[in-house]
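A note on names: the letters A, B, ... follow the listed sequences, proteins ahead of strands, and every chain is numbered from 1. Predicted model, so just to flag it, every value in this text is computed and none were measured.
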Amino acid sequence: MRRTEFEIKVWAALKKIPRGRVTTYKELARILGRPKAARAIGNACGRNPDAPETPCHRVIKSDGGLGGYSGGINKKIALLKKEGVKILKGKVENFKNKLYKFI
DNA sequence: CTATTGACGACAT
DNA sequence: CATGTCGCCAATA
């Protein structure tokens with residue numbers, strides 16, 4: 001499995017997300033210097049080798065939607081709820097509040 | 001090199 | 001609010 005530099009950067013950023021908070025694909029793209037690569041970011045997350053260890057489940061869509069998860073969307077929801085993040089109608093409740101910005 | 005694919009985003013309808 | 005369209009980007013075939 002060849003890991004590209006791009007993926008490494010994405011996974012590294014993921015680890016900075018505090019427990020109980022979330023971030024968006026867009027925010028990650030912005031921080032990594034590729035503001036329009038949100039889509040590519042999502043793909044990179046999916047290729048993450050060591051799942052729950054790298055909090056790829058704390059990444060959601062910019063509109064509060066859940067996005068997806070390699071291990072099954074249910075798994076993602078379970079992990080988030082476990083950290084105190086509530087899901088309502090397929091979206092993170094009050095996500096703007098829990099959104100983590102790398103600044 | 002080109003085509004296809006996808007855990008996305010912005011905007012129009 | 002729900003869908004559809006189009007643009008973007010990196011990985012793969």
Item checked: Rounded distance [0.5 Å steps], NZ in Lys61(A) versus CG in Leu66(A) -> 9.5 Å
Note to self: Among residues at least two apart in sequence or on other chains, which ones pass salt bridge (charged side-chain N to carboxylate O under 4.0 Å, His left out) with Arg34(A)?
What the structure shows: none
Item checked: Residue pairs fulfilling salt bridge (Lys or Arg N to Asp or Glu O under 4.0 Å) with at least one residue in residues 93-103 of chain A, sequence neighbours excluded -> none
Margin query: Can you pull out the residues from residues 40-58 of chain A that lie within a 4.0 Å heavy-atom distance of DNA chain C?
Written below: Ala40(A), Arg47(A)
Item checked: Transitive ILVMFWY cluster of Tyr69(A), excluding itself - 4.5 Å side-chain cut-off -> Leu79(A)
Check: With a cutoff of under 4.5 Å between side-chain heavy atoms, which Ile, Leu, Val, Met, Phe, Trp and Tyr residues group with Leu28(A)?
Finding: Phe6(A), Ile8(A), Val10(A), Trp11(A), Leu14(A), Ile17(A), Tyr25(A), Ile31(A), Leu32(A), Ile41(A), Val59(A), Tyr100(A), Phe102(A)
Next item on the list: Return yes if the base of dA7(B) and the side-chain atoms of Tyr25(A) contain a donor-acceptor N/O pair under 3.5 Å, otherwise no.
Entry: yes
Next item on the list: Please report the shortest heavy-atom distance between Ala38(A) and Ala29(A), naming the atom on each side.
Entry: N-CB, 3.7 Å
Next item on the list: Would you please name every residue forming a side-chain hydrogen bond (donor to acceptor under 3.5 Å, both in side chains) with Arg30(A), sequence neighbours left out?
Entry: Glu27(A)
Notebook entry, point to check: With a 4.0 Å cut-off on heavy atoms, is Thr4(A) in touch with a base, just the backbone sugar-phosphate, or nothing at all?
Noted result: sugar-phosphate
Margin query: Under 4.0 Å, counting only non-hydrogen atoms across every strand here, what does Phe6(A) touch: a base, just sugar-phosphate, or nothing?
Written below: sugar-phosphate
Next item on the list: Walking along DNA chain C from 5' to 3', note the first and the last nucleotide with an atom under 4.0 Å from a heavy atom of chain A, and give both.
Entry: dG7(C) to dT12(C)
Check: Within this structure, what is the CG-to-P distance between Leu66(A) and dA7(B), rounded to whole angstrom?
Finding: 14 Å
Margin query: If I compare all heavy atoms of Gly68(A) with all of Lys76(A), which pair ends up nearest, and what's the gap?
Written below: O-NZ, 2.9 Å
Margin query: With rounding to the nearest 0.5 angstrom, report the NZ to CD1 distance, Lys26(A) to Ile60(A).
Written below: 13.5 Å
Please enumerate all protein N or O atoms sitting under 3.5 Å from an N or O of nucleotides 10-13 of chain B, with distances to 0.1 Å.
residue, atom, partner, partner atom, Å
dA10(B), OP1, Lys26(A), NZ, 2.6

Next item on the list: Would you mind listing every side-chain hydrogen bond (donor to acceptor under 3.5 Å, both in side chains) that reaches into residues 36-51 of chain A, with sequence neighbours excluded?
Entry: Asp50(A)-Thr54(A)
Checklist line | Position toward the 5' end of DNA chain C (nearest nucleotide), Arg39(A) or Glu5(A) | finding: Arg39(A)
Notebook entry, point to check: When you measure from every atom of DNA chain B, which of residues 27-37 of chain A have a heavy atom less than 4.0 Å away?
Noted result: none
Next item on the list: Output the residues of residues 83-103 of chain A in contact with DNA chain B, where contact means a heavy atom of the residue under 4.0 Å from an atom of the strand; sort by number or write none.
Entry: none
Item checked: Of all pairs that satisfy side-chain hydrogen bond (donor to acceptor under 3.5 Å, both in side chains), the ones with a partner from residues 79-88 of chain A, not counting sequence neighbours -> His57(A)-Glu83(A), Arg58(A)-Glu83(A)
